[in-house]
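Pasting in a structure now, in structure tokens, and then I'll have a few things to ask.
In what follows, chains are A, B, ... by sequence order, proteins preceding strands, each numbered from 1. Everything numeric here is computed off the predicted structure, so don't read it as measured data.
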Number of protein chains: 2
Amino acid sequence: MNIGDAADLSGLPAKTIRYYEDIGLVKPLRSSNGYRTFRESDAHKLAFLGRARALGFTIEDCRNLLALYEDEERASAVVKEIAKQHLERIDGKIAELKEMRATLAHLVQECAGDHRPDCPILADLAMKRCDEDDRRKST
Amino acid sequence: MNIGDAADLSGLPAKTIRYYEDIGLVKPLRSSNGYRTFRESDAHKLAFLGRARALGFTIEDCRNLLALYEDEERASAVVKEIAKQHLERIDGKIAELKEMRATLAHLVQECAGDHRPDCPILADLAMKRCDEDDRRKST
DNA sequence: CGTTGACCTTCCAGCGGGGGGAACCAATAG
DNA sequence: CTATTGGTTCCCCCCGCTGGAAGGTCAACG
């Protein structure tokens, strides 16, 4: 099948599929007219990649996961380890975002949001770090 | 003051400060030897930018926030609106990450993680979307 | 006076993970 | 025969920096 069909089957844009070939994630054949020719297994791999990417795995994780998938003798422990590390990355990001969110939500709540120029949001951003007393008082 | 001092005061790497000048966020003077010369106000702006970035605001948001900060006649409503939109972006990302996390945590939990090759993580990634029955059963 | 080393300058490349679009061939329908 | 839809390669662009090369400047030391 051609790249368009592979794109439809896998749900990935053709551009992305070409990119994945470029970086060696898939290796479709070529027909005499120069078109990429995807086997069932290639389309299957692409769908695999799409799902792994949707879970936020990096390309390198995907490469490893794909290799493990192909390896009938893998130990599931290896797969689990990759997933666990990714889970930690996700947890880290969530924690980071939540902290931002908390600070920001607090500031938004404090801000009158009217025609007047007084704005605790700007005041906080402008806060000099030598004003530690102020921070201790308000925190 | 030179870029190194500005970097120390603002907490930003010198590279980043040069970049911020490049994109017009700060406009330090130049002394006769070609070195950038930062006023107190420049260092202050850089610190402002650092804190805005730490809250996850985009560079364009920062540009707007900085302009509002400089504008004594701003309406706090405008600032608040920027912050609220950013808050929504953050909430969106958190939701997305939490969904990933839930899926992934479930799979990790299911996986034995031993020497055997059977792995529900890989099985899920490899799951063909035509297997809708299976998904309905397990969901 | 020379030299060392810390600082500064510019420019160019690259990260991840593709997206947009040009310029060009191939296949097919009417 | 032409129009349309596909495919191909190519290179630049996005964000927000970061690293490195090649070179200029300045203060201190001997």
Side-chain angles (χ1 to χ4, degrees), chain A residues 1-38 42-43 45-46 48-66 85-86 89-90 92-93 96-97 100, chain B residues 1-38 42-43 45-46 48-66 85-86 89-90 92-93 96-97 100:
Chain A
M1 77 184 100
N2 287 340
I3 199 168
D5 306 312
D8 290 347
L9 277 185
S10 66
L12 295 174
K15 275 267 183 191
T16 300
I17 297 176
R18 293 198 189 95
Y19 173 66
Y20 286 175
E21 186 195 13
D22 236 45
I23 61 174
L25 285 182
V26 277
K27 297 180 175 49
L29 306 172
R30 294 285 179 146
S31 59
S32 54
N33 57 12
Y35 286 18
R36 287 167 185 82
T37 298
F38 295 83
D42 293 318
K45 277 193 204 178
L46 288 169
F48 181 102
L49 290 169
R51 286 190 287 274
R53 292 287 300 135
L55 284 179
F57 284 105
T58 67
I59 292 285
E60 281 319 295
D61 279 345
C62 288
R63 195 188 300 279
N64 292 329
L65 289 171
L66 204 47
Q85 287 185 9
H86 181 44
R89 284 200 304 261
I90 291 178
K93 283 189 193 172
E96 195 181 342
L97 286 171
M100 285 183 192
Chain B
M1 80 185 98
N2 285 342
I3 199 168
D5 306 311
D8 289 347
L9 275 186
S10 67
L12 295 174
K15 275 268 181 189
T16 300
I17 297 176
R18 291 196 191 97
Y19 174 66
Y20 286 176
E21 185 194 14
D22 237 45
I23 62 175
L25 285 183
V26 277
K27 296 180 175 47
L29 305 171
R30 293 287 178 143
S31 56
S32 54
N33 58 10
Y35 287 17
R36 289 168 184 82
T37 298
F38 295 82
D42 293 318
K45 274 194 203 177
L46 288 169
F48 181 102
L49 290 168
R51 285 188 287 272
R53 293 287 302 134
L55 284 179
F57 285 105
T58 66
I59 291 285
E60 280 321 293
D61 281 344
C62 289
R63 196 188 300 280
N64 294 328
L65 290 171
L66 204 47
Q85 286 186 10
H86 181 43
R89 285 200 305 263
I90 290 178
K93 281 190 194 172
E96 195 182 341
L97 285 172
M100 284 183 192

Nearest non-hydrogen partners of B:Ala7 and B:Pro13, listed with the distance
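For B:Ala7 and B:Pro13, the tightest heavy-atom pair comes out as CB-C, 4.4 Å.
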Audit row: A:Arg30, A:Thr37, side chain to side chain contact (heavy atoms under 4.5 Å, CB included) steps and yes/no
CA-CA 5 Å; A:Arg30 294 285 179 146; A:Thr37 298; 6.0 Å; no
Look at A:Glu21 together with A:Lys27 and state whether they make a salt bridge at an N to O cut-off of under 4.0 Å.
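Answer for the salt bridge query: no.
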How many Å lie between OH on B:Tyr19 and P on C:dG14, as a whole number?
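It works out to 18 Å between those atoms.
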Report which part of the nucleic acid B:Arg18 touches: base, sugar-phosphate, or nothing (heavy-atom distance under 4.0 Å, all strands).
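Base contact.
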DNA chain D: 5'-proximal contact among B:Arg53 and B:Asn33 (nearest heavy atom):
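Comparing both residues, the 5'-ward one is B:Arg53.
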Nearest whole Å is fine: how far is D:dC15 P from B:Lys93 NZ?
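It works out to 13 Å between those atoms.
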Starting from C1' on D:dG6, measure out to CZ on A:Phe38 and report it in whole angstrom.
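Distance, rounded to whole Å: 14 Å.
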Nearest-Å distance, CD1 (B:Ile3) to P (C:dC7)?
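Going from CD1 in B:Ile3 over to P in C:dC7 covers 13 Å.
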With heavy-atom distances below 4.5 Å as the criterion, would you say the side chains of B:Phe57 and B:Arg51 are in contact?
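The answer is no; the side chains never approach within 4.5 Å.
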Please report, rounded to the nearest Å, how far the P atom of D:dG24 is from the OH atom of B:Tyr35.
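Atom OH in B:Tyr35 sits about 12 Å away from atom P in D:dG24.
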Do B:Leu66 and B:Phe48 pass the side chain to side chain contact (heavy atoms under 4.5 Å, CB included) test, and can you show the C-alpha distance, the side-chain angles, and the key distance before you say yes or no?
CA-CA 8 Å; B:Leu66 204 47; B:Phe48 181 102; 3.5 Å; yes
Between B:Arg53 and B:Ile59, is any pair of side-chain heavy atoms under 4.5 Å apart?
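Yes, close enough: below the 4.5 Å cut-off.
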Could you state the atom-to-atom distance from CD1 of B:Ile23 to P of D:dT18 in whole Å?
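Rounded to the whole Å, the gap is 12 Å.
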Please determine whether a side-chain nitrogen of the Lys or Arg among B:Asp61 and B:Arg89 lies less than 4.0 Å from a carboxylate oxygen of the Asp or Glu.
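Looking at B:Arg89 together with B:Asp61, the answer is yes, because their closest N to O distance falls below 4.0 Å.
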Neighbours of DNA chain D within residues 5-13 of chain B, by heavy-atom distance under 4.0 Å:
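Heavy-atom contacts with DNA chain D come from B:Pro13.
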Interatomic distance where CG belongs to B:Leu29 and P belongs to C:dT9 [whole Å]
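After rounding, the reported distance stands at 13 Å.
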Whole angstrom is fine here: how far is it from CG in A:Leu25 over to C1' in C:dG16?
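From A:Leu25 CG to C:dG16 C1': 13 Å.
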Let's test your reading of the model: under 3.5 Å, does the base of C:dG17 pair with the side chain of A:Lys15 as donor and acceptor?
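In this structure, the two groups form no donor-acceptor pair.
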Below the 4.0 Å mark, does D:dT9 have OP1 or OP2 next to a side-chain nitrogen or oxygen of A:Arg36?
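Affirmative; the distance criterion is met.
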Do the side chains of A:Lys93 and A:Glu96 get close enough for a salt bridge, i.e. N-O under 4.0 angstrom?
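Looking at A:Lys93 and A:Glu96, the cut-off is not met.
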If you take any heavy atom closer than 4.0 Å to DNA chain D, which residues from residues 56-66 of chain A end up in contact?
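Contacting residues: none.
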